[in-house]
Amino acid sequence: MRKASIALLGTLVMLGLAACGDSGPSSAESASYGAAAPAAKMVAREESAADVADGGHDLSAMLAYEHHAGIQLPADLIPGRLQQVQAACAESRFGACVVLNVNQQGGERPSASATLRIVPDGVEPMIALAGEDARLGNRSTHAEDLAVAVRDNAQVQDRLQREMERLQQFQQRPDLAVGDMISLSERIASVEAQLESAAQRDAQYRRRINTQLLTLNFQPPSVQTSRSEVGQALRDVVSLLSLGTAWTIRTAALLTPVVLALVVLVAVIRAIRRRRRSAP
(Lines give C-alpha, C1' and ligand atoms only; values in the text may rest on other atoms or scores of the structure.)
Protein backbone atom coordinates (compact mmCIF):
# COMPACT_ATOMS: atom_id res chain seq x y z
CA MET A 1 0.00 0.00 0.00
CA ARG A 2 2.90 2.35 0.75
CA LYS A 3 4.32 1.68 -2.73
CA ALA A 4 0.95 2.46 -4.30
CA SER A 5 0.76 5.77 -2.41
CA ILE A 6 4.27 6.72 -3.48
CA ALA A 7 3.44 5.86 -7.10
CA LEU A 8 0.26 7.93 -6.92
CA LEU A 9 2.08 10.93 -5.48
CA GLY A 10 4.69 10.67 -8.22
CA THR A 11 1.97 10.61 -10.85
CA LEU A 12 0.30 13.69 -9.32
CA VAL A 13 3.61 15.56 -9.34
CA MET A 14 4.13 14.69 -13.00
CA LEU A 15 0.60 15.85 -13.85
CA GLY A 16 1.17 19.12 -11.99
CA LEU A 17 4.45 19.75 -13.80
CA ALA A 18 2.79 19.01 -17.13
CA ALA A 19 0.01 21.46 -16.33
CA CYS A 20 2.49 24.17 -15.37
CA GLY A 21 4.38 23.65 -18.61
CA ASP A 22 1.30 24.43 -20.70
CA SER A 23 -0.10 27.92 -21.09
CA GLY A 24 -3.35 27.23 -19.27
CA PRO A 25 -5.62 29.73 -17.50
CA SER A 26 -5.28 30.62 -13.83
CA SER A 27 -7.28 28.53 -11.37
CA ALA A 28 -8.14 31.62 -9.31
CA GLU A 29 -10.30 33.09 -12.07
CA SER A 30 -13.42 30.98 -11.48
CA ALA A 31 -15.03 28.46 -9.14
CA SER A 32 -15.54 24.73 -9.74
CA TYR A 33 -18.34 23.66 -12.06
CA GLY A 34 -18.52 19.91 -11.50
CA ALA A 35 -16.56 16.73 -11.76
CA ALA A 36 -16.39 16.74 -15.57
CA ALA A 37 -17.68 18.73 -18.54
CA PRO A 38 -20.74 17.39 -20.34
CA ALA A 39 -20.16 15.21 -23.37
CA ALA A 40 -21.82 17.78 -25.64
CA LYS A 41 -19.28 20.45 -24.61
CA MET A 42 -16.43 18.02 -25.23
CA VAL A 43 -17.70 17.32 -28.76
CA ALA A 44 -18.08 21.05 -29.45
CA ARG A 45 -14.55 21.77 -28.23
CA GLU A 46 -13.08 18.96 -30.33
CA GLU A 47 -14.95 20.17 -33.41
CA SER A 48 -13.78 23.72 -32.72
CA ALA A 49 -10.15 22.67 -32.43
CA ALA A 50 -10.43 20.55 -35.56
CA ASP A 51 -12.06 23.36 -37.54
CA VAL A 52 -9.41 25.90 -36.59
CA ALA A 53 -6.57 23.50 -37.23
CA ASP A 54 -7.98 22.62 -40.64
CA GLY A 55 -6.18 24.58 -43.32
CA GLY A 56 -9.33 24.76 -45.45
CA HIS A 57 -11.44 26.37 -42.73
CA ASP A 58 -13.21 29.62 -43.61
CA LEU A 59 -11.11 32.33 -41.92
CA SER A 60 -14.00 34.81 -41.86
CA ALA A 61 -15.76 32.58 -39.30
CA MET A 62 -13.14 33.53 -36.71
CA LEU A 63 -13.32 37.33 -37.11
CA ALA A 64 -14.77 39.65 -34.47
CA TYR A 65 -16.18 42.74 -36.23
CA GLU A 66 -16.65 46.25 -34.83
CA HIS A 67 -18.54 48.95 -36.78
CA HIS A 68 -18.63 52.73 -36.22
CA ALA A 69 -21.11 54.94 -38.06
CA GLY A 70 -21.67 58.70 -37.78
CA ILE A 71 -25.20 60.04 -38.29
CA GLN A 72 -25.83 63.77 -38.92
CA LEU A 73 -29.27 64.85 -37.71
CA PRO A 74 -30.86 68.16 -36.70
CA ALA A 75 -30.27 68.71 -33.01
CA ASP A 76 -33.97 68.46 -32.10
CA LEU A 77 -34.29 65.03 -33.77
CA ILE A 78 -31.34 63.35 -32.06
CA PRO A 79 -33.12 62.31 -28.80
CA GLY A 80 -36.04 60.76 -30.69
CA ARG A 81 -33.80 58.85 -33.09
CA LEU A 82 -31.74 57.54 -30.19
CA GLN A 83 -34.91 56.21 -28.55
CA GLN A 84 -35.92 54.53 -31.83
CA VAL A 85 -32.59 52.71 -32.02
CA GLN A 86 -32.88 51.56 -28.41
CA ALA A 87 -36.44 50.34 -28.96
CA ALA A 88 -35.52 48.45 -32.13
CA CYS A 89 -32.68 46.72 -30.29
CA ALA A 90 -34.80 45.87 -27.24
CA GLU A 91 -37.51 44.39 -29.50
CA SER A 92 -34.93 42.40 -31.53
CA ARG A 93 -36.47 43.92 -34.66
CA PHE A 94 -33.42 43.03 -36.76
CA GLY A 95 -32.31 39.97 -34.80
CA ALA A 96 -30.81 39.33 -31.39
CA CYS A 97 -29.50 42.61 -29.99
CA VAL A 98 -28.43 44.11 -26.69
CA VAL A 99 -27.67 47.74 -25.76
CA LEU A 100 -24.24 48.02 -24.13
CA ASN A 101 -23.84 51.76 -23.72
CA VAL A 102 -25.81 54.99 -24.32
CA ASN A 103 -24.50 58.56 -24.03
CA GLN A 104 -26.46 61.78 -24.59
CA GLN A 105 -25.32 65.40 -24.34
CA GLY A 106 -27.52 68.49 -24.59
CA GLY A 107 -26.76 72.19 -24.52
CA GLU A 108 -25.32 74.21 -27.38
CA ARG A 109 -23.59 71.21 -28.97
CA PRO A 110 -26.00 68.27 -28.60
CA SER A 111 -24.82 64.78 -29.45
CA ALA A 112 -25.59 61.17 -28.61
CA SER A 113 -24.14 57.71 -29.10
CA ALA A 114 -25.30 54.12 -28.69
CA THR A 115 -23.20 50.96 -28.60
CA LEU A 116 -24.98 47.73 -29.51
CA ARG A 117 -24.06 44.07 -29.89
CA ILE A 118 -26.14 42.63 -32.69
CA VAL A 119 -26.22 39.67 -35.08
CA PRO A 120 -24.36 40.28 -38.38
CA ASP A 121 -27.55 40.42 -40.46
CA GLY A 122 -28.90 43.23 -38.28
CA VAL A 123 -25.98 45.66 -38.68
CA GLU A 124 -27.04 47.24 -41.97
CA PRO A 125 -30.78 47.52 -41.13
CA MET A 126 -29.90 49.15 -37.79
CA ILE A 127 -27.63 51.68 -39.51
CA ALA A 128 -30.38 52.35 -42.06
CA LEU A 129 -32.87 52.99 -39.24
CA ALA A 130 -30.47 55.33 -37.45
CA GLY A 131 -29.69 57.22 -40.68
CA GLU A 132 -33.24 57.49 -42.02
CA ASP A 133 -33.80 60.95 -43.58
CA ALA A 134 -30.36 61.89 -42.31
CA ARG A 135 -26.85 62.19 -43.63
CA LEU A 136 -24.41 59.36 -43.04
CA GLY A 137 -21.04 60.71 -41.98
CA ASN A 138 -17.89 58.76 -41.38
CA ARG A 139 -18.07 54.97 -41.15
CA SER A 140 -15.41 52.41 -40.30
CA THR A 141 -15.19 48.66 -39.79
CA HIS A 142 -12.54 46.79 -37.82
CA ALA A 143 -12.08 43.02 -37.55
CA GLU A 144 -9.98 41.14 -35.01
CA ASP A 145 -8.79 37.65 -35.96
CA LEU A 146 -9.55 35.23 -33.11
CA ALA A 147 -8.56 32.02 -34.91
CA VAL A 148 -5.35 31.52 -32.92
CA ALA A 149 -7.01 32.41 -29.60
CA VAL A 150 -9.88 29.98 -30.21
CA ARG A 151 -7.47 27.21 -31.26
CA ASP A 152 -5.22 27.68 -28.23
CA ASN A 153 -8.18 27.77 -25.85
CA ALA A 154 -9.61 24.58 -27.39
CA GLN A 155 -6.26 22.84 -26.92
CA VAL A 156 -6.13 23.95 -23.29
CA GLN A 157 -9.64 22.59 -22.69
CA ASP A 158 -8.75 19.28 -24.31
CA ARG A 159 -5.59 18.92 -22.19
CA LEU A 160 -7.42 19.77 -18.98
CA GLN A 161 -10.22 17.32 -19.77
CA ARG A 162 -7.75 14.48 -20.34
CA GLU A 163 -6.02 15.34 -17.06
CA MET A 164 -9.39 15.37 -15.28
CA GLU A 165 -10.19 11.89 -16.59
CA ARG A 166 -6.88 10.52 -15.34
CA LEU A 167 -7.36 12.12 -11.92
CA GLN A 168 -10.86 10.67 -11.61
CA GLN A 169 -9.49 7.23 -12.41
CA PHE A 170 -6.97 7.56 -9.58
CA GLN A 171 -9.71 8.83 -7.27
CA GLN A 172 -11.64 5.57 -7.67
CA ARG A 173 -8.77 3.39 -6.44
CA PRO A 174 -9.62 1.70 -3.11
CA ASP A 175 -6.04 1.66 -1.78
CA LEU A 176 -5.58 5.44 -1.46
CA ALA A 177 -4.33 6.89 1.80
CA VAL A 178 -6.01 9.90 3.41
CA GLY A 179 -3.15 12.24 2.46
CA ASP A 180 -3.28 11.04 -1.13
CA MET A 181 -7.04 11.63 -1.26
CA ILE A 182 -6.58 15.20 0.00
CA SER A 183 -3.86 15.96 -2.58
CA LEU A 184 -5.94 14.37 -5.32
CA SER A 185 -9.05 16.37 -4.36
CA GLU A 186 -7.09 19.63 -4.37
CA ARG A 187 -5.71 18.88 -7.83
CA ILE A 188 -9.17 17.99 -9.16
CA ALA A 189 -10.60 21.24 -7.80
CA SER A 190 -7.78 23.20 -9.48
CA VAL A 191 -8.39 21.50 -12.83
CA GLU A 192 -12.15 22.07 -12.55
CA ALA A 193 -11.57 25.80 -11.97
CA GLN A 194 -9.28 26.00 -15.00
CA LEU A 195 -11.85 24.15 -17.11
CA GLU A 196 -14.56 26.60 -16.06
CA SER A 197 -12.33 29.58 -16.88
CA ALA A 198 -11.49 28.13 -20.31
CA ALA A 199 -15.19 27.47 -20.96
CA GLN A 200 -16.05 31.08 -20.12
CA ARG A 201 -13.31 32.31 -22.43
CA ASP A 202 -14.61 30.10 -25.22
CA ALA A 203 -18.15 31.46 -24.71
CA GLN A 204 -16.81 35.02 -24.90
CA TYR A 205 -14.93 34.27 -28.12
CA ARG A 206 -18.03 32.67 -29.64
CA ARG A 207 -20.15 35.67 -28.64
CA ARG A 208 -17.72 38.09 -30.29
CA ILE A 209 -17.60 35.93 -33.44
CA ASN A 210 -21.34 35.25 -33.74
CA THR A 211 -22.38 38.85 -32.99
CA GLN A 212 -20.89 42.21 -33.98
CA LEU A 213 -20.29 45.45 -32.12
CA LEU A 214 -22.01 48.51 -33.58
CA THR A 215 -21.45 52.10 -32.36
CA LEU A 216 -23.75 54.85 -33.68
CA ASN A 217 -22.71 58.49 -33.16
CA PHE A 218 -25.41 61.18 -33.63
CA GLN A 219 -24.34 64.79 -34.24
CA PRO A 220 -26.00 67.88 -35.76
CA PRO A 221 -24.97 68.91 -39.31
CA SER A 222 -21.81 70.95 -39.72
CA VAL A 223 -23.78 74.08 -40.76
CA GLN A 224 -25.84 73.92 -37.61
CA THR A 225 -22.72 73.33 -35.59
CA SER A 226 -21.05 76.37 -37.21
CA ARG A 227 -24.04 78.55 -36.39
CA SER A 228 -23.95 77.30 -32.87
CA GLU A 229 -20.25 78.12 -32.65
CA VAL A 230 -20.86 81.67 -34.03
CA GLY A 231 -23.64 82.20 -31.49
CA GLN A 232 -21.40 80.90 -28.76
CA ALA A 233 -18.63 83.26 -29.89
CA LEU A 234 -21.02 86.25 -29.74
CA ARG A 235 -22.14 85.19 -26.31
CA ASP A 236 -18.49 84.90 -25.31
CA VAL A 237 -17.88 88.50 -26.48
CA VAL A 238 -20.78 89.79 -24.38
CA SER A 239 -19.52 87.77 -21.45
CA LEU A 240 -16.01 89.15 -21.86
CA LEU A 241 -17.32 92.74 -22.05
CA SER A 242 -19.37 92.20 -18.91
CA LEU A 243 -16.39 90.67 -17.18
CA GLY A 244 -14.12 93.56 -18.25
CA THR A 245 -16.64 96.16 -17.07
CA ALA A 246 -17.03 94.45 -13.74
CA TRP A 247 -13.25 94.22 -13.37
CA THR A 248 -12.90 97.96 -14.17
CA ILE A 249 -15.52 98.92 -11.59
CA ARG A 250 -13.86 96.79 -8.93
CA THR A 251 -10.46 98.27 -9.79
CA ALA A 252 -11.81 101.84 -9.61
CA ALA A 253 -13.44 101.12 -6.26
CA LEU A 254 -10.20 99.66 -4.98
CA LEU A 255 -8.03 102.59 -6.17
CA THR A 256 -10.36 105.47 -5.17
CA PRO A 257 -9.09 105.74 -1.55
CA VAL A 258 -5.49 105.68 -2.77
CA VAL A 259 -6.18 108.45 -5.30
CA LEU A 260 -7.94 110.59 -2.69
CA ALA A 261 -5.03 110.15 -0.28
CA LEU A 262 -2.57 111.21 -2.98
CA VAL A 263 -4.67 114.30 -3.82
CA VAL A 264 -4.78 115.34 -0.15
CA LEU A 265 -1.05 114.75 0.24
CA VAL A 266 -0.23 116.84 -2.86
CA ALA A 267 -2.49 119.66 -1.62
CA VAL A 268 -0.80 119.70 1.80
CA ILE A 269 2.68 119.75 0.23
CA ARG A 270 1.74 122.69 -2.02
CA ALA A 271 0.26 124.62 0.92
CA ILE A 272 3.43 124.14 2.94
CA ARG A 273 5.58 125.38 0.05
CA ARG A 274 3.44 128.48 -0.44
CA ARG A 275 3.73 129.40 3.24
CA ARG A 276 7.51 129.03 3.11
CA ARG A 277 7.72 131.27 0.07
CA SER A 278 5.49 133.93 1.60
CA ALA A 279 7.35 134.01 4.91
CA PRO A 280 9.75 137.12 5.36
Side-chain angles (χ1 to χ4, degrees), residues 4-66 96 98 100 117 119-120 143-213:
S5 298
I6 294 175
L8 175 60
L9 288 175
T11 304
L12 289 175
V13 171
M14 293 178 63
L15 288 174
L17 292 175
C20 293
D22 293 327
S23 58
S26 172
S27 61
E29 293 179 359
S30 176
S32 171
Y33 76 102
K41 289 186 178 181
M42 275 296 299
V43 172
R45 285 197 298 267
E46 292 173 359
E47 291 178 353
S48 173
D51 288 343
V52 178
D54 185 7
H57 184 73
D58 185 9
L59 294 179
S60 63
M62 294 296 169
L63 296 179
Y65 283 93
E66 296 182 6
V98 61
L100 301 180
R117 183 163 289 281
V119 294
E144 181 181 357
D145 189 0
L146 298 178
V148 175
V150 172
R151 179 200 61 195
D152 292 345
N153 194 60
Q155 292 175 351
V156 168
Q157 289 179 292
D158 183 64
R159 173 187 61 76
L160 291 172
Q161 185 60 39
R162 290 197 305 268
E163 182 179 354
M164 175 65 73
E165 293 173 355
R166 290 194 296 267
L167 291 173
Q168 289 175 343
Q169 291 175 0
F170 282 118
Q171 192 178 34
Q172 295 174 0
R173 294 178 57 173
D175 57 343
L176 289 179
V178 176
D180 298 335
M181 285 292 297
I182 294 175
S183 300
L184 190 60
S185 298
E186 291 176 352
R187 183 58 192 165
I188 288 177
S190 174
V191 174
E192 285 177 347
Q194 294 180 58
L195 275 170
E196 175 66 15
S197 179
Q200 291 178 355
R201 238 188 342 267
D202 182 71
Q204 183 179 7
Y205 290 148
R206 292 299 169 185
R207 182 168 178 265
R208 293 183 60 191
I209 292 171
N210 296 332
T211 61
Q212 299 182 4
L213 197 66

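Scope of the values below: all heavy atoms of this structure, side chains included, with no hydrogens, waters or symmetry mates. Keep in mind the model is a prediction, meaning the values are calculated, not measured.
Heavy-atom minimum distance, Thr211 versus Pro120: CA-CD, 4.4 Å. Across all non-hydrogen atoms, the minimal contact from Arg206 to Val150 is NH2-CG1, 3.5 Å. Summarising the geometry of Leu184 relative to Phe170, their closest heavy-atom pair is CD2-C, 3.7 Å, with the distance given to 0.1 Å.
Once rounded to the nearest 0.5 Å, the distance linking CG of Leu63 with CD1 of Ile209 reads 8.0 Å. For the atom pair CG (Leu167) and CZ (Arg187), the distance works out to 7.0 Å, reported to the nearest 0.5 Å. In this structure, CD on Gln200 lies 4.5 Å from CD on Glu196, to the nearest 0.5 angstrom. The distance from atom CG of Asp145 to atom CE of Met62, rounded to the nearest 0.5 Å, is 9.0 Å. A distance of 10.5 Å separates CD of Gln161 from CZ of Arg166, quoted to the nearest 0.5 Å. Atom CG of Asp202 is separated from atom CG of Leu195 by 12.0 Å, given to the nearest 0.5 angstrom.
Partners of Glu66 by side-chain hydrogen bond (donor to acceptor under 3.5 Å, both in side chains), not counting sequence neighbours: none found. With sequence neighbours excluded, the residues forming a side-chain contact (heavy atoms from CB on, under 4.5 Å) with Leu100 are Val98, Thr115, Arg117, Arg207, Leu213, listed by chain and number.
The closest donor-acceptor contact from the side chain of Ser185 to the backbone of Met181 lies under 3.5 Å.
In summary, of the residues considered (Arg162, Gln155, Gln157), a side chain to side chain contact (heavy atoms under 4.5 Å, CB included) with Arg159 occurs for Arg162 alone. Just one of Asp152, Asp158, Leu160 meets the side chain to side chain contact (heavy atoms under 4.5 Å, CB included) condition when paired with Val156; it is Leu160.
Counted by atom type alone, Glu186 and Ser190 present zero donor-acceptor pairs between their side chains at under 3.5 Å.
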